[in-house]
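Everything below concerns the one structure shown next.
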Amino acid sequence: YLQESESENKLDGETASDSESKSDFGGSSPVPTSDDTPEVLNRALSNLSSRWKNWWVRGILTLAMITFFFIIIYLGPMVLMTIVMCVQIKCFHEIITIGYNVYHSYDLPWFRTLSWYFLLCVNYFFYGETVTDYFFTLVQREEPLRILSKYHRFISFALYLTGFCMFVLSLVKKHYRLQFYMFGWTHVTLLIVVTQSHLIIHNLFEGMIWFIVPISCVICNDIMAYMFGFFFGRTPLIKLSPKKTWEGFIGGFFSTVLFGLLLSYVMSGYRCFTCPVEFNNDTNSFTVDCEPSELFQLQEYNIPVVLQSVVGWKTVRMYPFQIHSIALSTFASLIGPFGGFFASGFKRAFKIKDFANTIPGHGGIMDRFDCQYLMATFVNVYIASFIRGPNPSKLIQQFLTLRPDQQLHIFNTLKAHLVDRGILGSLEDA
Amino acid sequence: EVDLEERLRELDLRSDSDIPDVPPPTDSTPEILKRALSGLSARWKNWWIRGILSLAMISGFFLIIYLGSFMLMLLVLSIQVKCYHEIITIGYRVYHSYDLPWFRSLSWYFLLCVNYFFYGETVADYFATFVQRREQLQFLIRYHRFISFALYLTGFCMFVLSLVKKHYRLQFYMFAWTHVTLLITVTQSHLVIQNLFEGMIWFLVPISSVICNDITAYIFGFFFGRTPLIKLSPKKTWEGFIGGFFSTVVFGFIFSYFLAQHQYFVCPVEYNSETNRFVTECEPSELFQMKKYSVPPLLQAVLGWETVNMYPFQMHSFALSTFASLIGPFGGFFASGFKRAFKIKDFADTIPGHGGIMDRFDCQYLMATFVHVYITSFIRGPNPSKLLKQLLILQPEQQLSVYKTLKSHLVEKGILQPSLRG
């Protein structure tokens, strides 16, 4: 319970203004990030000056993260899903903790429990929808799952309402405003973090390539923009992030597009990346095996006259997916950074250096994922608009809930359509 | 710039006791009323104003119902815009952020984006035939999500570019405030419209149940109120709560009984491309056909009947009224807490005696979502024509496999005779 006088004293130093002149730091300086670097690294780098040491620590950790990424890709979709889930929980926790620190509201009654409860509800809702869509046959077989899936929305809503009512009942006279702030903070965080992570999982199910290429493009853009900025950086890009430069931005853009093209070329050749992830009922495991769609079959493209003189070829063999990868890389380089600027603005607004200090040299998990925010949504919207048609098993599922006369009507219309297109032979062959 | 600095320094966001009071709302009671009631004492005058305005609002409601679905949609949209405006204005006052660069434009822009997204989805679903005929609309519908997302992103990037050094925190607060408001007001209003399209009865019964609960809980509390219900709203009492619950359930039953008889209320709203109007004509579904129910032995003794003729919808109205009376008030408590947190008496002063539009609609928040979830879970199956449309877009191999699955299902259920060739 917050003591009244205690809270008055604690809150003296902060104001909404970011002016440096005020002695803000007296009352509530940003918590200095403790040095998390493992002892091993510390000893190995003890000779170098602190600037180079920092550079090395960042470099080594970057390599470690990238290696880890490759390992979990190798381990398969289930592990990837689990990792996405863990990253989401950690990001949520980091942002909520910042909220607590900003509002000194760690002791608010119920609030910690409520935040985790809402996280659980929203995840339950999203995972339920995913499970129903992709594990349709599994769900139909098991009785409890079938009922849970049929009334899924109602159950999720009831769970959410319970949390809402608990919140209302937990309102305490002197802390109304704080409680509403934390409520708002929790919901915005859920909106950002949880929906994005579920969109990532949807992308993953579409085919691992739709997961790997966007994420790699963002990472590549980060690294390339940094390198170009380091070597050629001259003109500052935006006041919000003084270290970013136009040279870095443009150099990163071109490198990322190139990188995207190359990576897509390599990946399109392998079924395990291009096939949608499916759950095999008989083996009870995920399978990625299919006839590659048109997107992943080499095609001959004519090079526009302008480039012919430059490149020297008249036609080029490419996968159609590589054209899409240009769109993805462009987004990653041009709009992705806005996610980073948003996070920078956020950190400046709340006077924190990093979201947390989970990764030595890099900050929190959220610091690594800030540019990924918009990417996942973009890829999902892109797929839904330009690539994927509706999901057949979902349609079957909806069909089964219709009335018999409606089912018959649809069946006959579909049959007539198929016969019309010659997909179905004569009526007797059906 | 200096003025803003001063105001920002004075702002103390955490302690409730230091929040500067929002200036009391101006009295917007029309002159006529004031003169007519000049004789009475202040307490009765307030009571009369509230009463008259309540009647005026209810009459307005009936008038619009009479005018039809399209007018109702417009009404819902206007209410949504006004509620949004009210909440955003409160945010400006709380944070003294009215002069923040860009922020007013950005708030309205985001409202426009989200509405565009939701209305686009609605139009695509319900006006399918209308849309098929026009080329430009076809393009907009097919890439609707992408266009909406691009519009939203533009707003997001404008926000990032508008961040000004000394006002980061304020700007982030207003950004979050805008988004939470959008989440509450705009999604709810679109769910209301979806409910409306299901049949006007799904729009009228829930809203009337909430209004009835408000009024009857007040009346019961006025006459019998003794035990306070919740610290948040000291005027609410347990007697009012329980009395309101029973009255609302009875009201819901009776009101549904009357509405269920008319096709105008019961049929899904459809858009007729030939006449270019909304029509509500159909074969009433099973829900709206009288059935005989056996009265449980317990109630038989009380009521004296063995069976009763009811519409199945009345059973559903029972669920709706229960929600309106038991959970709906939590929306009201939430709004009360919000008003206390930010030290405002009413959301605005649009309606004399009642406060702002939002004050009238605070208990409706959760109702619209509940009705929508209820309909999708228990009542409505998926839309067959939409399903068919999606089936026809599939790849040929997918269509074939779907066809085979459907066929085996239908044969299994005996709906389709097995083919002669086996």
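Protein chains get the first letters and strands the later ones, always in sequence-line order, with residue 1 at the start of each. Below, each value reflects all heavy atoms present in this structure, side chains not excepted, and no hydrogens, waters or symmetry copies.
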Practice task
May I ask you to test the B/Phe370-B/Leu320 pair for a side-chain heavy-atom distance under 4.5 Å?
Solution key: yes

Problem - Contact origin within B/Phe146 toward chain A - heavy atom pairs under 4.5 Å - result: both

Practice task
Please state whether the side chain, the backbone, both or neither of B/Tyr152 comes within less than 4.5 Å of a heavy atom of chain A.
Solution key: neither

Practice task
Would you mind checking which part of A/Phe338 comes under 4.5 Å of any heavy atom in chain B, side chain (CB onward), backbone (N, CA, C, O), both or neither?
Solution key: both

Completion exercise
From the list A/Leu374, A/Ile335, A/Ile238, the residue making the most non-hydrogen contacts under 4.5 Å with chain B is A/Leu374

Problem - chain B contact via A/Phe183 - which portion, at a heavy-atom distance below 4.5 Å - result: side chain

Practice task
Please work out whether the ring planes of A/Phe350 and B/Tyr173 are parallel, tilted or perpendicular, with thresholds of 30° and 60°.
Solution key: perpendicular

Practice task
With the side chain counted from C-beta on, respond yes when B/Met367 and B/Val371 share a heavy-atom pair under 4.5 Å apart, and no when they do not.
Solution key: yes

Problem - pair A/Arg177-B/Lys343: side-chain heavy atoms closer than 4.5 Å - result: no

Handout entry: Contact origin within B/Phe175 toward chain A - heavy atom pairs under 4.5 Å
Key = side chain

Problem - chain A contact via B/Leu153 - side chain, backbone, both or neither, heavy atoms under 4.5 Å - result: side chain

Practice task
For B/Thr187, enumerate each residue passing the side-chain hydrogen bond (donor to acceptor under 3.5 Å, both in side chains) test, keeping only those at least two apart in sequence or located in another chain.
Solution key: none

Problem - Region of B/Ser336 that comes under 4.5 Å of a non-hydrogen atom in chain A - result: neither

Handout entry: salt bridge (Lys or Arg N to Asp or Glu O under 4.0 Å) involving B/Lys236 - partner list, sequence neighbours excluded
Key = none

Problem - Contact origin within B/Phe334 toward chain A - heavy atom pairs under 4.5 Å - result: both

Handout entry: Parallel, tilted or perpendicular, as decided by the 30° and 60° cut-offs, for the rings of B/His144 and B/Phe117
Key = parallel

